[in-house]
Amino acid sequence: NAGVTQTPKFRVLKTGQSMTLLCAQDMNHEYMYWYRQDPGMGLRLIHYSVGEGTTAKGEVPDGYNVSRLKKQNFLLGLESAAPSQTSVYFCASSLRDAYGYTFGSGTRLTVV
Amino acid sequence: KQEVTQIPAALSVPEGENLVLNCSFTDSAIYNLQWFRQDPGKGLTSLLLIQSSQREQTSGRLNASLDKSSGRSTLYIAASQPGDSATYLCAVSNQAGTALIFGKGTTLSVSS
């Protein structure tokens, strides 16, 4: 089925460990986004990309890095995980003209 | 800075009741507004997208309206059902293809 696929769905990390979250879309969307969702805070934008090879910071970028080497993939990296990064991470994509956004099913990350 | 507010934060209604969820935004210069549904532990499902030039959109029992000048949108749910129980999120984009800015959502519970 066409859409946005996030890998992994669940992960537990120890403080200081690193990991990469993968987002893949097969809809040929130009724009891709990474959000985090925390209780009482809603969804907040971490980083986004307006095309292959481009990335930009969102509202809460500290502690994260991203890469968009291929149009269909958007990677979110945590170099040194902290308990404050415990959250549910959502990837989304959209067409250039913003006709709707498609979200992945999320990655639940716990940092202990 | 665009801010999105949703009232009420939670709502409980008996089955069959018609209800209205409210969304307000501080900057009326939006590109579009989107309503999502999120079930517990799941991702976001797009319900309705309203372009800035439109006044309303309808899908089945759902009707969303947009009043840009007053910075408000409403999501009307007719003849509510227990299956409508979920969190409803409102989000706006300020430019084509830019990231969505989310409200914190309204959690709806429909009792049978």
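Letters go in sequence order (proteins before strands), and every chain restarts at 1.
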Part of [X] within contact of chain B (heavy atom distance under 4.5 Å):
| X | result |
| --- | --- |
| A/Leu43 | both |
| A/Arg108 | side chain |
| A/Gln6 | neither |

>> At a 4.5 Å cut-off on heavy atoms, which part of B/Leu100 comes close to chain A: side chain, backbone, both, or neither?
In response: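 Both parts, backbone and side chain.
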>> Using heavy-atom distances under 4.5 Å, tell me whether B/Gln38 contacts chain A through its side chain, its backbone, both, or neither.
In response: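 Answer is side chain: those atoms of B/Gln38 sit under 4.5 Å from chain A.
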Does a donor on one side chain sit under 3.5 Å from an acceptor on the other, for [X] and [Y]?
| X | Y | value |
| --- | --- | --- |
| B/Trp35 | B/Ser73 | yes |
| B/Thr74 | B/Ser65 | yes |
| B/Glu56 | B/Asn63 | yes |
| B/Tyr76 | B/Arg61 | no |

>> Under the side chain to side chain donor-acceptor pair (under 3.5 Å) test against B/Thr87, which residue among B/Thr106, B/Asp39, B/Thr107 passes?
In response: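 When B/Thr106, B/Asp39, B/Thr107 are each tested with B/Thr87, the side chain to side chain donor-acceptor pair (under 3.5 Å) holds only for B/Thr107.
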